[in-house]
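Quick caveat: nothing in here was measured; it's all calculated off a predicted structure. Chain letters run A, B, ... following the sequence lines, proteins first and then strands; every chain starts at 1.
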Number of protein chains: 2
Amino acid sequence: MAIDRKQNIIDAATKSFSLFGYKATTIEQVAKLANVGKGTIYTFFKSKEDLLDEIISSVIVEIKETAEHAMDPDRPFLENAHRALYRIAEFRKQHPLTIKLLQEIRDIGTPAVQEVMKRLDRAIIAFIREKIDNAIKKGEIRNCDSEITAFLMLKMYIALNFDWEKEHEPLPKEKIAELFELYFLKGLSK
Amino acid sequence: MAIDRKQNIIDAATKSFSLFGYKATTIEQVAKLANVGKGTIYTFFKSKEDLLDEIISSVIVEIKETAEHAMDPDRPFLENAHRALYRIAEFRKQHPLTIKLLQEIRDIGTPAVQEVMKRLDRAIIAFIREKIDNAIKKGEIRNCDSEITAFLMLKMYIALNFDWEKEHEPLPKEKIAELFELYFLKGLSK
DNA sequence: TTTTGACCATTTTGCTCATTTAGTCATTTT
DNA sequence: AAAATGACTAAATGAGCAAAATGGTCAAAA
């Protein structure tokens, strides 16, 4: 056992961050869980924050893959955008690490966690933006500021998936798809 | 002097809340500022929270009036919606009380303040919703869920006016109007 | 060369106690 | 009689501090 020490550490840290949050997990705890000495962690990561950073980098890759998988090149852009964003929202809602870290931001606002989640958002926006740029190039949608559009799309999904539920019944997937189509595709004009 | 004691108290409290925040203003401070005894405050308001509540109620009225004023019955609905929402966003950005209270929510998360600002949001959404319902009735826009649409419109304005600025240059008024038109009126379809 | 845990400087925590605060009410003022 | 008041109380807050915990280092061990 204990072959890939770095992966062991990452796994242990991910588990602990998901369970107790970033602030409440200690490096010693991670070392114990990973069956390595505390010093070993610092041969792979330059700080606790750096450890979290690397973990989030994998999450970003994972999210991008999930979103990419949900898309189908034969379907229209807006449908793919919805599928991707919906999967991204699902991921956030279901992944123990993102759940815990977002909760930690709300409850204690740990700066390192805020920073890292901002980076996650930026990565998602960059991903969506790329898709928008492609769709514009292909003439699938009208020309628009892809950065702002990606930003607004993500905001809309977060609003519908997380904020709406604070005061109302959760919206079913179909309703969200319908709303996305209405506002980003058709508009309210008759 | 000291004619309308209740108004004095409200004025003093508004000033103090705007300057120091809700948590950091004491009832005694308000009493001093208003030139009344502490007990007098409790003949008009049943608690500190109730005092804040009444102040926010006036703010709600004020915001509604400002928004109403910005609208012109001869212009199309979407233009009016933009004008109203833009004014509402401006108000939030410029009114010392809302600035301070929103900052207090970010910094220390005072529960009473969170509650009261939620109420403000609900009032704005209700206001917009009414306008949407009217526009639907008059056939100005296509039928839609007015509650969700109002919710999304406000979210979009907050996103463009407050969240966008955290990572980018502020968007000029015209750009925001253009984006609003694009997404809520026309959509991205060609 | 890689791994390790004792070690160090700094933070965080748990605790006490004095101060402050929201709210009450008997007394004073009008 | 009605309205206003501020001394008072119970509860909350926060300053101050000792003890414990924590992130990170590094000389020794493997």
T40(B) or T26(A), whichever maps to the more 5' nucleotide of DNA chain D: T40(B)

The side chain of [X] lies closest to which of these nucleotides: [options]?
| X | options | answer |
| --- | --- | --- |
| K38(A) | dG24(D), dA4(D), dG23(C) | dG24(D) |
| Y42(B) | dT22(D), dA4(D), dG23(C) | dG23(C) |
| T43(B) | dA22(C), dG24(D), dA4(D) | dA4(D) |

Indicate whether the side chain of [X] and that of [Y] have a donor and an acceptor atom separated by less than 3.5 Å.
| X | Y | result |
| --- | --- | --- |
| E130(A) | N134(A) | no |
| K93(B) | N161(B) | yes |
| T98(A) | R92(A) | no |

Salt bridge (Lys or Arg N to Asp or Glu O under 4.0 Å) involving D163(A) - partner list, sequence neighbours excluded: K166(A), K155(B)

M156(B) side chain near L85(B) side chain, heavy-atom distance below 4.5 Å: no

Parallel, tilted or perpendicular: rings of Y157(A) and F180(A) (30°, 60°): perpendicular

DNA chain C contacts made by residues 14-23 of chain B, counting heavy atoms under 4.0 Å: none

N or O in side chain of R5(B) less than 4.0 angstrom from dT5(D) OP1/OP2: yes

Value in whole Å for how far the C1' atom of dG24(D) lies from CZ of F45(A): 15 Å

